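All heavy atoms count here, side chains included; hydrogens, waters and symmetry mates do not. As the structure is a prediction and not an experimental result, all values here were calculated from the model. Counting begins at 1 with the first residue of the sequence.
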Amino acid sequence: MAHHLIYVITDRFDPAAEPPNPINPIPGQAVLAWLCSELRTLGYDTTDPAAEDWGWYAYAARGPMSYMLGAGGEPESNQDFHWIIAINERRSLRDRLFRRNKMLAEDELSAPSSGCSARRATFGSRPSKETIDVRAVNGSDRMGHR
């Protein structure tokens with residue numbers, strides 16, 4: 001399963017202000033809540049973030065495309081936080097069995113070359129000191145590992 005990762009270093013979100021993750025103390029709810037709000041303005045239907053053992057997740061859909069979004073973070077230096085946003089395209093069992101409709105590097109939600117919706121929604125519209133890196137990775141990579 002391929003997914004795209006957006007790595008961001010920023011002090012924009014305060015993990016201490018988030019509701020605690022009841023499964024595992026990993027922040028990310030504020031990042032996803034904000035991302036989902038921004039994606040709604042771009043025409044995506046989104047769910048509210050929910051806790052998972054690896055961080056937080058939500059779903060986003062527009063037209064026939066449906067995605068699972070994940071987020072988690074860990075402290076960097078000073079007040080900056082290293083956030084990882086994962087984007088997985090949701091595919092039917094038939095698509096997975098026949099290896100069809102895989103998430104492509106130029107996917108509209110995350111492709112850096114196409115002015116990706118998630119990147120534009122999150123960090124592309126306002127000047128700041130954020131460091132952003134978008135990558136397409138294969139299923140053997142896990143969120144949080146570079």
* To do: Output yes when a side-chain donor or acceptor of Arg62 lies under 3.5 Å from a complementary backbone atom of Arg40, and no otherwise.
  => no
* Asked: What is the distance from atom CG of Leu35 to atom OH of Tyr44, rounded to the nearest 0.5 Å?
  -> 10.0 Å
* For residues Ala58 and Leu32, report the shortest heavy-atom separation together with the two atoms involved. => N-CD1, 3.8 Å
* To do: Please report the shortest heavy-atom distance between Gly73 and Ile26, naming the atom on each side.
  => N-CG2, 4.1 Å
* How long is the gap from OH on Tyr7 to CD1 on Ile84, to the nearest 0.5 Å? -> 5.0 Å
* **Arg12 charged N/C atom sitting above Trp83 aromatic ring, 6.0 Å / 45°** => no
* Asked: When rounded to the nearest 0.5 angstrom, what is the spacing between OG1 in Thr47 and CG in Leu69?
  -> 7.5 Å
* Any link between Val31 and Ile23 through a network of hydrophobic side chains (Ile, Leu, Val, Met, Phe, Trp, Tyr) touching at under 4.5 Å? -> no
* Look at the rings of Trp54 and Tyr57 and say which category their plane angle falls in: under 30° parallel, 30 to 60° tilted, over 60° perpendicular. => tilted
* Asn21 (side chain) donor-acceptor with Asp53 (main chain) under 3.5 angstrom -> no
* Which value, rounded to the nearest 0.5 Å, describes the distance between Asn88 atom CG and Tyr59 atom OH? -> 9.5 Å
* Asked: Would a 4.5 Å heavy-atom cut-off, applied to side chains only, mark Pro19 and Gln29 as touching?
  -> yes
* Ignoring hydrogens and geometry, is there a side-chain-to-backbone donor-acceptor pair from Glu18 to Gly28 under 3.5 Å? -> yes
* Keeping the roles fixed (side chain from Trp34, backbone from Phe13), state whether a donor-acceptor pair exists under 3.5 Å. => no
